[in-house]
Student: 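Just passing along the structure, written as structure tokens.
Chain letters run A, B, ... following the sequence lines, proteins first, then strands; residues in each count from 1. These values consider heavy atoms only, across backbone and side chains, with no hydrogens, waters or symmetry-generated copies. Not measured: the values here are computed from a predicted model.
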There are 2 protein chains.
Amino acid sequence: MKNGRRPTISDVANHAGISKSTVSQYLNERFEYMGEETKKRIRESIKELEYSPNFLAKSLKQKKTYTIGIIVANILHGFSTRVIRTIEDVCNEQNIHVIVCNTDEDVNKEQKYVEMLQAKQVDGFIIFPAGDNNELYRELLNQEIPLVFVDRIIPELQVSTVLTDNEQAAEMAVSHFVEYGHKDIGFVLPPMKSTMTPRTERLSGFRKSMHRHSLSVNEDFIYSAPLTDMVGYLKSRFQTARKPTALVTSNDLTLVEVLRFCKEQAIVIPDELSIVSIDDMPLASVYNPAITAIDQPAFTIGAKAASLLLDEINEREKTPGIYRFSPTFLKRETVNRT
Amino acid sequence: MKNGRRPTISDVANHAGISKSTVSQYLNERFEYMGEETKKRIRESIKELEYSPNFLAKSLKQKKTYTIGIIVANILHGFSTRVIRTIEDVCNEQNIHVIVCNTDEDVNKEQKYVEMLQAKQVDGFIIFPAGDNNELYRELLNQEIPLVFVDRIIPELQVSTVLTDNEQAAEMAVSHFVEYGHKDIGFVLPPMKSTMTPRTERLSGFRKSMHRHSLSVNEDFIYSAPLTDMVGYLKSRFQTARKPTALVTSNDLTLVEVLRFCKEQAIVIPDELSIVSIDDMPLASVYNPAITAIDQPAFTIGAKAASLLLDEINEREKTPGIYRFSPTFLKRETVNRT
DNA sequence: TTGTAAGCGTTATCAA
DNA sequence: TTGATAACGCTTACAA
């Protein structure tokens with residue numbers, strides 16, 4: 001069929017001398033009452049015409065696209081990428097297609113993408129919320145579109161959410177430092193926003209854990225600045241006499257900036273400064289010294305998010321819940337005894 | 001409209017007391033002959049009903065989805081990710097949607113994804129070819145589906161292809177080493193396959209460049225192994241007396257393994273071994289020592305690939321060509337004078 | 001066991 | 001300036 005037009009189900013039906021509906025049955029593997037001869041004729045016609053079905057038409061008719069949308073706030077985080085890869089794997093196994101959109105933490109972009117995917121009639125959404133976009137999310141809920149959140153909790157809304165146990169992650173870091181004799185422990189993070197669950201929870205986990213170890217939190221050792229200014233910010237903050245002996249970095253992107261700072265200032269890790277990173281990175285284990293890190297359970301999170309969404313889509317009703325999973329501590333070389 | 005069913009164009013038409021076709025005109029901004037009053041009524045009905053168009057139906061009718069598919073062989077390469085991000089940006093500006101699929105270098109997966117995206121009626125493909133899948137590509141060409149290749153050349157096919165000037169990349173590395181007095185220069189790469197344009201071209205560029213500098217290539221200094229075995233492989237190969245003083249790594253993933261090897265063997269960079277990496281990485285500039293690297297022009301490549309494809313889709317005919325772009329040399333700290 | 005016919009939500013042609 | 005009507009390619013009652 002090197003004809004211009006792609007063949008349709010009608011072409012196959014005509015070619016096989018059989019009706020459209022029977023061909024449709026065949027394509028959907030409803031073979032119950034189908035004669036062998038019929039099947040064979042259809043099979044041959046399909047091959048001969050090089051027919052392949054038009055998914056759009058099917059979706060339009062069935063009001064179901066077997067496609068889900070993933071809206072991710074920041075694809076630059078290795079964590080997001082890994083969660084998404086897992087979701088894709090789970091979905092592919094069930095022949096569900098996945099469309100990924102990256103919002104760069106921009107609520108307008110987020111809105112635009114949600115609308116676009118709705119126009120495309122996706123069957124459901126997995127969203128890493130960009131921030132304060134509750135109107136949009138509520139709208140989705142009103143329309144009863146299946147929805148799962150990842151990484152960030154929107155307390156105002158009843159939506160299943162799956163994320164790392166962030167307080168536990170901070171606790172792991174602090175405990176490790178304490179075990180190695182550190183008391184002056186600092187915490188580095190991008191600017192706090194209440195909507196950013198991971199960093200707020202990690203910071204609160206940090207405070208709680210310090211407390212639990214009977215250490216006081218020195219507010220001068222909490223470092224928060226935009227990543228683009230982080231190095232300069234740390235330089236000026238580290239001018240003072242009293243400095244922390246140990247630092248928790250709040251995520252992979254923050255870690256990179258802290259390492260850049262240490263490199264520029266020739267601060268020797270861990271001799272002068274111990275570090276634990278929340279988030280592992282590809283080069284972390286190979287860095288000099290290898291970065292002690294806390295790895296988020298991206299795989300578990302992705303798999304859970306996917307199965308929650310697919311359950312919702314298939315109307316296996318569940319009441320929305322919040323699912324937290326434990327991170328893993330990776331002992332390496334950036335923490336010194338003090 | 002908290003009704004179950006989502007409103008359609010007919011609902012809007014009824015609500016506004018106007019025909020479907022006029023509403024359709026309105027939606028497509030064909031306002032030439034439209035009365036102000038009509039426009040207003042439509043606008044209000046749309047708002048009131050919270051109508052949003054069904055893209056599927058439109059695509060079915062127009063035989064055009066305003067969607068392209070990207071098939072990428074290995075999303076783990078930072079290069080691929082950056083190219084894709086650029087393509088997405090270009091397309092978003094023109095309201096073209098993008099669906100990305102990762103094949104893990106698996107030709108069967110590639111075939112499956114191409115078929116899926118065809119079923120979804122995408123308007124064109126940008127493919128980072130997984131390997132020897134020429135039948136599939138030829139089929140696409142036969143069906144006159146717009147197609148652009150990135151990163152790998154399929155010499156048997158007449159398809160526009162855009163990629164890094166890989167020979168130049170190798171040349172940059174060798175020249176830099178020579179300038180610093182190195183003669184015993186090695187090259188590390190994953191297993192050679194003729195379909196993998198980057199590594200074959202980088203290696204041939206390496207050989208040519210050595211020759212141009214009147215240096216002989218020591219075949220014992222060409223290291224090729226699967227990434228998973230690379231560290232062990234290098235360990236055994238480095239048992240011998242004569243070793244290179246400098247190493248070119250063929251891409252980012254290879255660099256990581258070489259660094260791992262050096263770390264495990266306590267080989268001091270650059271004192272004992274100089275390194276230039278083809279491909280920059282997020283942590284490269286922060287590594288100790290900072291990795292001298294050659295950065296691929298991912299942005300230029302992505303933009304060119306997107307515009308070539310969009311031109312093809314819009315039937316601005318062009319004869320297929322091969323477009324190579326120059327990489328950038330980033331002088332850092334992993335090359336020593338010898 | 002297979003066929004007929006209506007309909008999914010749009011757009012496009014032509015007529016009014 | 002707007003409206004009727006037929007398509008787009010498929011599924012699905014229901015009929016035969």
Student: Send over the distance from B/Phe31 CZ to D/dT2 P, rounded to a whole Å.
Tutor: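 After rounding, the reported distance stands at 12 Å.
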Student: Which nucleotide in the set D/dT2, D/dC10, C/dT11 lies at the smallest distance from any side-chain heavy atom of B/Met34?
Tutor: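 It is D/dT2.
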Student: Just the rounded figure in Å: distance from C1' of D/dC8 to CZ of A/Arg6.
Tutor: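 After rounding, the gap between these two atoms is 14 Å.
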Student: What is the distance from NZ of A/Lys40 to P of C/dT2, rounded to the nearest Å?
Tutor: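 To the nearest whole Å, that distance equals 14 Å.
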Student: Regarding B/Leu56, tell me which of base, sugar-phosphate or nothing describes its non-hydrogen contacts under 4.0 Å with the strands shown.
Tutor: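 Result for B/Leu56 = nothing.
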Student: Can you tell me how far P of D/dT11 sits from CD of A/Glu29, to the nearest Å?
Tutor: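 Rounded to the whole Å, the gap is 12 Å.
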Student: Provide, to the nearest angstrom, the distance between the CD atom belonging to B/Gln62 and the C1' atom belonging to C/dT13.
Tutor: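 Between C1' of C/dT13 and CD of B/Gln62: 14 Å.
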Student: Where the side chain of A/Lys63 is concerned, which of C/dT10, C/dG9, D/dC10 is the nearest nucleotide?
Tutor: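 Of all the options, the side chain of A/Lys63 is nearest to C/dG9.
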Student: Taking A/Ile75's backbone N and O only, do any of them form a donor-acceptor pair with A/Thr81's side chain (distance below 3.5 Å, no angle check)?
Tutor: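 Confirmed, A/Thr81 side chain pairs with A/Ile75 backbone.
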Student: Closer than 3.5 angstrom, by distance alone: can the side chain of B/Thr103 be matched with the main-chain N or O of B/Cys101 as a donor-acceptor pair?
Tutor: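 Not at all, since once roles are kept as given, no pair shorter than 3.5 Å links the two residues.
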Student: Taking the side chain of A/Ser19 as heavy atoms from C-beta outward, which of C/dT10, D/dT2, C/dT4 is closest to it?
Tutor: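 Of the candidates, C/dT4 comes closest.
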Student: Ignoring backbone atoms, test whether A/Asn28 places a side-chain nitrogen or oxygen under 4.0 Å from the OP1 or OP2 oxygen of D/dT11.
Tutor: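 So the side chain of A/Asn28 is within the cut-off, an N or O lying under 4.0 Å from OP1 or OP2 of D/dT11.
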Student: Which nucleotide wins on minimum distance to the side chain of A/Lys61, given the candidates D/dC10, C/dT2, C/dG9?
Tutor: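 The listed nucleotide nearest to A/Lys61's side chain is D/dC10.
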Student: Between atom OG1 of A/Thr65 and atom CD1 of A/Ile99, what is the distance when rounded to the nearest 0.5 Å?
Tutor: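 Between A/Thr65 OG1 and A/Ile99 CD1, I get 8.0 Å after rounding to 0.5 Å.
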Student: Please give, in whole Å, the distance from D/dA13 P to A/Lys20 NZ?
Tutor: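 Answer to the nearest Å: 16 Å.
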Student: More 5' along DNA chain D: B/Glu32 or A/Asn54, using each one's nearest nucleotide?
Tutor: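 Counting from the 5' end, the first nearest nucleotide belongs to B/Glu32.
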Student: Students often get this wrong, so: under 4.0 angstrom with heavy atoms, is B/Thr38 touching a base, only sugar-phosphate, or nothing?
Tutor: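 Here B/Thr38 touches the backbone only, sparing every base.
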Student: Does atom CZ of B/Arg138 have more than 12 heavy-atom neighbours from other groups under 6.0 Å away?
Tutor: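 It does: B/Arg138 CZ has more than 12 such atoms within range.
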Student: Counting side-chain heavy atoms from CB outward, which of C/dT2, D/dC10, C/dT11 is closest to A/Thr22?
Tutor: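 Taking heavy atoms from C-beta onward, the closest nucleotide is C/dT2.
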Student: Does B/Phe31 have B/Lys39 sitting over its ring (NZ/CZ under 6.0 Å from centre, angle to axis within 45°)?
Tutor: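 Ring-cation test returns yes.
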Student: Measure from the side chain of B/Ala57, starting at C-beta and using heavy atoms only, and say which of C/dT10, D/dC10, C/dT2 lies closest.
Tutor: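 Between C/dT10, D/dC10, C/dT2, the one nearest the side chain of B/Ala57 would be C/dT10.
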Student: Do B/Ser21 and D/dA4 have a side chain to base donor-acceptor pair shorter than 3.5 Å?
Tutor: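 By the distance-only test, yes, there is a pair.
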Student: Would you mind telling me which residue lines up with the more 5' stretch of DNA chain D, B/Gly17 or B/Leu60, judged by nearest nucleotide?
Tutor: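 This one resolves to B/Gly17.
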Student: Has B/Tyr51 got a side-chain N or O lying under 4.0 Å from the OP1 or OP2 atom of C/dT10?
Tutor: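 B/Tyr51 to C/dT10 OP1/OP2: side-chain N or O found under 4.0 Å.
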